[in-house]
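Here is the structure we will look at, set down as structure tokens.
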Amino acid sequence: MLLSGATGSEQFLGSEAIATYATAKAVILPIPYEATTTYRKGCETGPAAVITASQQLEAYDEELKRETCLEVGIYTHDAIADTRQQPQLSAEEMLAVTTATVSRLIADDKFVVAVGGEQAITTGVV
């Protein structure tokens with residue numbers, strides 16, 4: 001049920017902070033899920049847009065006077081619960097795959113940054 005494809009080979013911060021899963025302390029977890037949005041559709045494109053926009057961010061932190069992202073290492077996980085690939089994905093299926101994935105990442109001692117999608121992903125993340 002791990003549905004990939006939202007980020008493809010595009011990584012958060014681009015080449016600035018790429019790390020392998022084993023060495024990364026932080027993991028960006030795209031969850032492009034959209035099923036219950038009623039006002040304005042499109043939140044399923046949010047994770048890919050955030051990752052694309054991150055290519056323009058500066059890695060150097062002026063307050064800390066260093067490139068923390070290089071020290072920490074950031075791994076961009078394949079997208080899960082992607083309703084662009086599987087439009088009929090139920091909320092229960094999304095919660096199951098989100099909870100399982102986040103649990104595995106935490107068990108691997110990763111700091112998880114989930115990027116959605118709609119607000120319903122929160123239950124599976126926390």
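No hydrogens, no waters, no symmetry mates; every other heavy atom, side chains included, goes into these values.
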Do Gln119 and Thr122 meet the criterion of a side-chain donor-acceptor pair at a distance under 3.5 Å?
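No, no side-chain donor-acceptor pair sits under 3.5 Å.
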
For this session: Would you please say whether a donor-acceptor pair under 3.5 Å links the side chains of Glu10 and Thr76?
Result: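 No pair is found: no donor N or O on one side chain lies under 3.5 Å from an acceptor on the other.
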
For Thr23 and Thr20, run side-chain hydrogen bond (donor to acceptor under 3.5 Å, both in side chains): C-alpha distance rounded to whole Å, both residues' side-chain angles, the deciding distance at 0.1 Å, then the answer. CA-CA 5 Å; Thr23 63; Thr20 65; 3.0 Å; yes

Please check this pair: side chain of [X] against backbone of [Y], looking for a donor-acceptor N/O pair closer than 3.5 Å.
X      : Y      : answer
Gln11  : Ala19  : no
Glu44  : Tyr33  : no
Glu34  : Cys43  : yes
Thr37  : Arg40  : no
Glu118 : Ala35  : yes
Lys65  : Asp61  : no
Thr83  : Pro32  : yes
Ser103 : Ala100 : no

Check this for me, if you would: do Arg84 and Asp82 make a salt bridge, where the nitrogen-to-carboxylate-oxygen distance has to be below 4.0 angstrom?
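Counted as a salt bridge, because a side-chain N and a carboxylate O are separated by less than 4.0 Å.
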
Fill in: Verdict with supporting geometry, Phe12 and Thr52, side-chain contact (heavy atoms from CB on, under 4.5 Å)
CA-CA 7 Å; Phe12 187 80; Thr52 297; over 6 Å; no

Near Phe111 CZ, under 6.0 Å, is it more than 12 heavy atoms from other residues, nucleotides or ligands?
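Incorrect, the count does not exceed 12.
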
Answer yes or no: does atom CD of Gln56 have more than 12 heavy-atom neighbours from other residues, nucleotides or ligands under 6.0 Å?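 Check fails, neighbour count at 12 or below.
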
Same cluster for Leu57 and Ile28 if Ile/Leu/Val/Met/Phe/Trp/Tyr side chains link at under 4.5 Å?
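Yes; Ile28 is reachable from Leu57 via cluster members.
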
As an exercise, state the distance from CD1 of Ile80 to CD1 of Ile121, rounded to the nearest 0.5 Å.
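CD1 of Ile121 is found 8.0 Å from CD1 of Ile80.
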
Distance-minimising heavy-atom pair for [X] and [Y]:
X      : Y      : result
Ile31  : Ala114 : CD1-CB, 4.0 Å
Ala81  : Val97  : CB-CG1, 3.9 Å
Gly124 : Leu95  : N-CD2, 3.5 Å

Report task. Output, in order, the C-alpha distance, side-chain angles, deciding distance and verdict of side-chain contact (heavy atoms from CB on, under 4.5 Å) for Val125 and Thr98. Result -> CA-CA 6 Å; Val125 174; Thr98 301; 3.9 Å; yes

Practice item. Test the Lys25-Tyr75 pair against the cation-pi criterion, namely NZ or CZ under 6.0 angstrom from the six-membered ring centroid and within 45° of the ring axis. Key: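 No, Lys25 does not lie over the aromatic ring of Tyr75.
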
